[in-house]
Amino acid sequence: MPKKQIRINAFDMNCVGHINHGLWTHPRDRSTDYTSLDYWTNLARSLERGLFDGLFIADIVGVYDVYGNGVDLTLQESIQLPVGDPLLLVSAMAHVTQHLGFGLTANLTYEPPYLFARRMSTLDHLTRGRIAWNIVTGYLESAAKAMGLRAQPEHDLRYDQADEYLEVLYRLWEESWEDGAVLADRARRVYAQPDKVHKIRHAGRFFEVEGYHLCEPSPQRTPVLFQAGSSDRGLAFAGRHAECVFISGQNKAATREQVAKVRESAARAGRDPFDVKVFMGLTVIAAKTEAEARDKQAEYLRYASAEAGVAHFASSTGIDFARYDLDEPIRYVKTNAIQSAVNNLTVKNTDWTVRKLRAQHALGGRYFTIVGSPLQVADAMESWIDETGLDGFNLTRTVTPESHEDFIDLVVPELQSRGVYKTEYAPGTLRRKLFEAGDRLPPNHTGAACRAPPESTLR
Ligand SMILES: Cc1cc2nc3c(=O)[nH]c(=O)nc-3n(C[C@H](O)[C@H](O)[C@H](O)COP(=O)(O)O)c2cc1C
């Protein structure tokens, strides 16, 4: 039997400090060039050289202002501020690559589904079907206020809204234009056949939409759907919609449990549990030998900022850690941020302090970190996959682009020699590559139910 293939996305963001905070100050780091298109096209070319499945781009639309009740450290350390739009990077990167996928984070709370549907379809066309969407609803009060709301919608309500948003999108992407609607027949002067293009009428609790999807069907129609929530409500949402789930596992036992929960949730939604791929965030520091890798880690640690990492985490949880003494236990507070992160910190465990958080964020971020020779890194990655049921990893950057180049030059060949990593890309769209099936949503996915237009919606 062929071995399970490890899937790898680069994890990045259109900003200077993404996860491993402080490393922008390292002399070899180039992340301050993020406003240049060459920075992104060079990255895309490298990732395709390393046969990465995709570039996963995180995004937020607010600022991290919880720590110390302000943005001073956020600005000084460039903790995801300034941050540019992720979608606008893609056309250029797609132009210099053929296979690399693009996982784009976009927050649905602040943008009408009708406009968003067009932007994603446009990119799916321009990339020939290489687009994925990381569905987020936001967790920052600063974003809500900037958008004219007094506060964010409450946690579970955000997911209710997201469910309905997706219903609208499926109808626009899957139902509005039938297959074969576009003839582009010059002789008959028919570009699109009117009887095959349908107006969508949706009147729900949150959205009212009456209109035709503005784009003709793109290769995947619905982009590959990513999601990253792990509260009970988040898991129910993932089970219904997500084709890929992104988790931030800390240890193998908890990760195994989380992967199982994702698959159970998909099964409850009537889907094949293995139609969902689960990716874990991972940091790797690799060098030719273990000693060299340890030296590199020590060097990186001198530039990393644990405090900036903790400040980032303050906004993830909504808890201002700057108010705590170093050894004071962190207490539960009800916040409207990432519920699972608050629970892990204060309910599932009760002995967290700022001192421990800083130690956890020594490299500026809290993703699990593997340091070693190519052999050691590959051993560790394989053991995570084998022991937890994970499908792959979202690889953070440390010193940029050095860390991805190291991974590509050193670790990829080792994984390939073990038969657990591709030696060439499969043809076709991102969905086809990832699932070795069709370009479109599989038939048992809730979005596929929209495909045959009901009579009532025919124009
Ligand atoms: C690994 C991981 C990555 C995430 N990335 C983003 C992101 O880029 N932008 C964002 O707005 N939210 C992001 N989130 C937040 C989630 O989308 C979601 O809002 C959050 O996990 C709250 O859901 P929960 O309470 O169900 O866990 C991320 C969450 C996790 C666990």
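First listed ligand is number 1; within each ligand, the first listed atom is number 1. Computed from a predicted model, the values in this text were never measured in an experiment.
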* **Donor-acceptor pair between S31 and D29 side chains, under 3.5 angstrom** =>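 Side-chain D/A pair, S31 to D29: present.
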* Asked: Is D391 paired with K4 through a side-chain N to carboxylate O contact shorter than 4.0 Å?
  ->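 The answer is yes: the pair qualifies as a salt bridge.
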* Asked: Thinking salt bridges, do E164 and R205 make one under a 4.0 Å N-O criterion?
  ->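 Salt bridge: no.
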* Check each protein residue for a heavy atom under 4.0 Å from ligand 1 and list those that pass, ordered by chain and number. =>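 Its neighbours under 4.0 Å (heavy atoms only) are A58, D59, T105, V136, Y139, H155, Y159, A228, G229, S230, S231, G234, F246, I338, Q339, S340, Y367, given by chain and number.
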* For Y300, ring pair (Phe, Tyr, Trp, His ring centres under 6.0 Å) partners two or more places apart ->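 Listed in chain order: H26.
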* **side-chain hydrogen bond (donor to acceptor under 3.5 Å, both in side chains) involving D65 - partner list, sequence neighbours excluded** =>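 Testing D65 for side-chain hydrogen bond (donor to acceptor under 3.5 Å, both in side chains), a comparison that skips the adjacent residues, returns none.
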* Set of side-chain hydrogen bond (donor to acceptor under 3.5 Å, both in side chains) partners for E405, sequence neighbours left out ->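 With neighbours one apart ignored, the set is S46, R49.
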